[in-house]
S.K.: 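My structure is below; once you've seen it, I'll send some questions.
In what follows, chains carry the letters A, B, and so on, assigned in the order in which the sequence lines appear, proteins first and then strands, with residues in each chain numbered from 1. Everything numeric here is computed off the predicted structure, so don't read it as measured data. Quick note: numbers below take in every heavy atom, side chains included, and nothing from hydrogens, waters or symmetry partners.
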2 protein chains.
Amino acid sequence: MEIDLNHVVSSELEKNGGGGNGGCLSSSNSSCSSNSSTSPASSSIYKELWYACAGPLTSLPKKGNVVVYFPQGHLEQSASHSPFPPMEVTSFDLHPQILCKVMGAQLLANKDNDEVYTKLALLPLLELEVINLKGKEHEELGLDEGGVTPNKTPHMFCKTLTASDTSTHGGFSVPRRAAEDCFPPLDYKQQRPSQELVARDLHGVEWKFRHIYRGQPRRHLLTTGWSIFVSQKNLVSGDAVLFLRGESGELRLGIRRAVRPRNGLPDSILANQNYRNILSIVANAVSTKSSFHVSYSPRASHADFVVPYQKYITSITNQIPIGTRFKTKFDVDDSSERRCSGVVTGIRALDPYRWPNSKWRCLTVRWDEDGSSDHHEQVSPWEIDPSVSLPPLSIQSSPRLKKLRTPPNNPISGTNFPLNSCFL
Amino acid sequence: MEIDLNHVVSSELEKNGGGGNGGCLSSSNSSCSSNSSTSPASSSIYKELWYACAGPLTSLPKKGNVVVYFPQGHLEQSASHSPFPPMEVTSFDLHPQILCKVMGAQLLANKDNDEVYTKLALLPLLELEVINLKGKEHEELGLDEGGVTPNKTPHMFCKTLTASDTSTHGGFSVPRRAAEDCFPPLDYKQQRPSQELVARDLHGVEWKFRHIYRGQPRRHLLTTGWSIFVSQKNLVSGDAVLFLRGESGELRLGIRRAVRPRNGLPDSILANQNYRNILSIVANAVSTKSSFHVSYSPRASHADFVVPYQKYITSITNQIPIGTRFKTKFDVDDSSERRCSGVVTGIRALDPYRWPNSKWRCLTVRWDEDGSSDHHEQVSPWEIDPSVSLPPLSIQSSPRLKKLRTPPNNPISGTNFPLNSCFL
DNA sequence: ATGTGGGCCCTTAGCCGACAA
DNA sequence: TTGTCGGCTAAGGGCCCACAT
C-alpha cells in the first residue's frame, strides 16, 4: 500500500505516519532514508518548516475565517498558459467574488519538487450570512492575519545556493552563524572536528550530512551526503535551502526554489483543472451549499484569489485614484524582503463580459524598476499598499502611458459595490 | 513559454510541433534531444507507437461512437486507494451507467513516466436519442471495435529488459531478429560494424544509440546512449522497450513498464479528482447537455468504464448464471497474450445503496490459477468471455466458495434492465 | 567570512570478449 | 541465441587546501 506523500504533511492532524519512499532513489549507500514512521516529532515543527519554505510573506487564512474567493484567479492559476478562457465558456452565473468560510486548511508539499501549497476547503456563504457577519468579532473576519504565521523559529537559516554549492566538485559552504545557530556545537579544539547531521524534509524523509569544520581559514562545510541531496532535489544555483532546529534539537530542512516559469502549483493540481471543471465544481458547491476545495501555491505567483474578508473590504473601501503611488513586498532571501513600488495607471475590469465589475486584477500599474518586468502589470487592490505618502506622479510625465487608452471612469470605492449586492 | 508534453501527442490532430525539453536532462553531451519541432513525420507513426505501448489488447472508441460510461469505474480509477467513497457522498442522482457519444479522443502520454492514456470527450445522450439509435447503422454503435486498432506495424519488436540490460555495467542486447527487422542493415564484412541509431519517443524526443555488432559469438548491442535512456526513463529490469520502424525508415521507441502498484494513471490526472468533483462535473454535463472529459489509462488496471455500446448490450443480454466458466485475456510481451480463465461465483451490486442495479463489476469470480491473485475478484460482464463451452464447475466442489454467503437471486439479463430505464 | 579553482584519489560508468545456459 | 561475468580504461565524483574577494 502506498501513501501519497503529497498528503503527509498536514497542519491540522498529527497523522505524520506515512512513509512511502519519498523520492529517495539511492538504494544501498543511502544518505537519505524514508523512516518517517518512527518520527516522534510533533507536527508543529513541520508547520514551522512549511511556513519557512513558503517565505516570510505568506499568511494563510485559518479554519473558521471568512474569505473572499475569486474564480477568475483560480482559473488563472490553473491554466497559466492561456490567460483567457475559450469564448464559449461562460461564468456559470457565478459572481466574480464569492464569500466563503474556511472549513479546513491543509499544509501540503509537492512530492516531486517540494514546493509548498495548501488545500483549502471553502464553504460558500449566503447573503444573509454576510449581513450577520457584520456584528461578529473580528477574529472570524480574518483580522488576526499576522497571528496566523507562527512565531519565527529562532534557530533557522536560509541560504541561496552558489555555483560551488551545487557543483559536483565540492560540498556546501555553511554560513558561520547558521552553523552555530542550528547545528550541534563541534569540539573546536580538535584539528578537524566533524559530526553527522540528520535532518528531515517536509515529507519526513531523512537526509544525512557530514558536517566538518576545516580549511584555512576555517569554515563550516557539509560534505558527504550533500551532493546526493542536491541531485535528488534537483537543486540548482539560485535555489535556496533552509535549516531549522526544533526545540529538542532535531533538524528539518526545506528548499525554496528560485522563481522559475514552471515552478508554481504542481502538475498534479493543474492538470484536469480546465475552466469548465472548476466552474462547475464551484457552481455546484454554491447551489448545494456544500464546500469545495481549492489548491493554492503561495510561492508560485502573486495571485491571491482567496483573500481575508477584512483585507478585501479595506482594500476596496479606500479610494484608489489613478496616479496613486504604492508599495508592495517581494521576499528575496532568509527573512529579508525587497520592497517594490509603482504607480496606478488605470482601473478596468479584466474581462468585462464574463466578470463585470470584478476587482480581480482590476488595477493597471507601472513598476518603478524596469528590471522587475516579471511582475504583473495588472494587480488586485489588496495586493498593493497605497498608504505611502509620496507625491503622486504626474501621469503625463510617463511616455509609456501615452499608449494607454483612456481608462474608464470607475474609481474603486466601497459604496459602488455595497456588500448586499456584491456576494451571491 | 512552456508546452505541456502531456498534450503533444494526439491522434486526431497533426499538431506535433510542441517541443519543450521532454524530461531530457543531459545538457551538453546529449544523446537525447528534444528537437521535435523539426519532425516532418506524420502523426500516424505516433498513433502506431501509442497503440504499441498500450499493448495488443487495447482498443479505443472512435469519435462518433456511442459508449456507456460508468461513474463508479471512473471514481475507482481516480482513487484506487479508497475503494469506497465516503458515506456522505451521494451519487448526485446519477445513473450507474450513462450513455454517451464520443466527441473526441486524444492519445496522450504521461510526461513523467511515458505511460499512455487517453482523454475522451463524452456527450451524454438522452433517452430519446437512445431509442433513435436502435435504427442506426452499426458503425456508430462501436461495432467496428477491431478496426480501431491500426494494422500492426510489421517492423516492430518489444523486449522485456533483463538485469544486464538495465545494469550500468553494460548496454542493451538486441534480439537478432529485432535488429534485422527494425534497424538499418550493417556491413557484416567489417570486423565490428556499427552505426548510430536515432529514435523518437512518444513526446518527440530524440534518442541516439550506438548500434554495434560484435562479440564472440556475434550479437547486436546498443552501447553508447543506452544507459542514459535507461536512467532518464527510470527503467528497471522487467520493464519493456519497443522499437518501431516507420515506412520511410525512421525509428520510434516506447516503453511498457512492468505492472507495478503505482504505474497507472499519472498523478497529474488522479490528484484533485475526488469523488465530489468528478460527480459534480458529470452531473453538470448531464444537466446542461454538454460534454465532459474522461482520462483513461489502458495499461493501469482492467477497469473499462467506457464501454462500446454494443459490447455492453451484448454482455448483459446473454444470461450469465452462477457457475459459468469464462476466459479473458491478459497481454504479456511483444504481441503475445496470456489467457486466463475462471468461474463466476456470484452476482451482486458492488454498492447497492448508491448504485443500485449497477452492472459495474457485479460479477464475483474465482480465477483458476492462484498465481494471478492480482486480478480483481469482481469483474464486469463485458470483461469476460463466457462463450467457452466448458462444463460448468460444480459450485460445491470449491472449498473457497463455502465462505461466501448465498448470492442474491438476480441473474443478469437484458429483460431485467430494459434500455428505457437504464439510461438517464 | 566565504566563493572559486587546482590537486589528487578513488569510485564507477561503460566497452570488450569469455563463458554458459 | 543471449544473459552474466571479469577485465580493463577513462571520466568524473568528491575531499582537501590555497587564494581571492
S.K.: What is the separation between atom CG on L222(A) and atom C1' on dC16(D), rounded to the nearest whole Å?
M.R.: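 Result: 16 Å.
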S.K.: Please state how far atom NE2 in H169(A) lies from atom C1' in dG3(C), giving the value in whole angstrom units.
M.R.: 12 Å
S.K.: When you get a sec, tell me which of dA1(C), dG3(C), dC16(C) is the closest nucleotide to the side chain of S173(A)?
M.R.: dG3(C)
S.K.: What heavy-atom pair brings D114(A) and H203(A) nearest, and what distance separates the two atoms?
M.R.: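 Reported closest heavy-atom pair: OD1-NE2, 3.1 Å.
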S.K.: For K159(B) and dG3(D), is the shortest distance between a side-chain N/O and OP1 or OP2 below 4.0 Å?
M.R.: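 It does, given that an N or O in the side chain of K159(B) lies less than 4.0 Å from OP1 or OP2 of dG3(D).
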S.K.: Find the bend of the helix from dA1(C)-dT21(D) to dA21(C)-dT1(D) as the angle between its two terminal axes (five pairs each), to the nearest 10°.
M.R.: 30°
S.K.: Is R219(B) side chain donor-acceptor paired with the dG3(D) base, going by distance under 3.5 Å alone?
M.R.: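 Indeed there is one.
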S.K.: Among residues at least two apart in sequence or on other chains, which ones pass side chain to side chain donor-acceptor pair (under 3.5 Å) with T168(A)?
M.R.: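 Result, side chain to side chain donor-acceptor pair (under 3.5 Å) vs T168(A): none returned.
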S.K.: Do any side-chain nitrogens or oxygens of T224(A) fall under 4.0 Å of OP1 or OP2 in dC15(D)?
M.R.: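 Yes.
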S.K.: Between S164(A) and P217(B), which has a closest nucleotide on DNA chain C that is more 5'?
M.R.: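 Between the two, 5'-proximity favours S164(A).
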S.K.: Please report the interatomic distance CG(L161(A)) to CG(L235(A)), rounded to the nearest 0.5 Å.
M.R.: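 The CG atom of L235(A) is 6.0 Å from CG of L161(A), to the nearest 0.5 Å.
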S.K.: At under 4.0 Å, does any side-chain N or O of T168(B) touch on OP1 or OP2 of dG14(C)?
M.R.: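 Checking T168(B) against dG14(C): no side-chain N or O falls below 4.0 Å of OP1 or OP2.
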S.K.: Between dC16(C), dG3(D), dT2(C), spot the one nearest the side chain of I212(B), thanks.
M.R.: dC16(C)
S.K.: H211(A) NE2 to dC15(D) C1': how many Å, rounded?
M.R.: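 Spelled out: NE2 on H211(A) to C1' on dC15(D) is 15 Å.
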S.K.: Give the intermediate values and the outcome of side-chain contact (heavy atoms from CB on, under 4.5 Å) for residues K233(B) and D239(B).
M.R.: CA-CA 11 Å; K233(B) 296 293 191 186; D239(B) 294 339; over 6 Å; no
S.K.: Base, sugar-phosphate or nothing for R177(A)? Non-hydrogen atoms, less than 4.0 Å.
M.R.: nothing
S.K.: Can you tell me which nucleotide in dC15(C), dG3(C), dT2(D) comes closest to the side chain of P175(B)?
M.R.: dT2(D)
S.K.: What's the NE2-P distance between H220(B) and dG3(D), to the nearest Å?
M.R.: 13 Å
S.K.: Nearest-Å distance, CZ (R210(A)) to P (dG14(D))?
M.R.: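 From R210(A) CZ to dG14(D) P: 14 Å.
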S.K.: Of the non-hydrogen atoms in D165(A) and V230(A), which two are nearest, and what is the gap between them?
M.R.: O-CG2, 4.3 Å
S.K.: Looking only at non-hydrogen atoms, find the nearest pair between W226(B) and G171(B) and report the distance.
M.R.: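 Looking at all heavy atoms of both residues, the closest pair is CD1-C, 3.7 Å.
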S.K.: For dG13(D), take OP1 and OP2 only and decide whether either is under 4.0 Å from a side-chain N or O of S227(A).
M.R.: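 Checking dG13(D) against S227(A), no side-chain N or O comes under 4.0 Å of OP1 or OP2.
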S.K.: Given dT1(D), dC16(D), dC16(C), which nucleotide is nearest the side-chain atoms of R214(A)?
M.R.: dC16(D)
S.K.: Let me know the distance between CD of Q191(A) and P of dC16(D), rounded to the nearest Å.
M.R.: 12 Å
S.K.: Write down the distance between CG (D165(A)) and C1' (dG14(D)), rounded to a whole number of angstrom.
M.R.: 14 Å
S.K.: Quick one: list whatever passes side chain to side chain donor-acceptor pair (under 3.5 Å) with Q190(B), sequence neighbours left out.
M.R.: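 Only D187(B) meet the side chain to side chain donor-acceptor pair (under 3.5 Å) criterion with Q190(B).
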S.K.: Could you tell me how far apart F172(A) (CZ) and dG14(D) (C1') are, to the nearest whole angstrom?
M.R.: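 Nearest whole value for this atom pair: 17 Å.
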S.K.: How are the rings of F229(B) and F209(B) set to each other: parallel, tilted or perpendicular (split at 30° and 60°)?
M.R.: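 F229(B) and F209(B): perpendicular rings.
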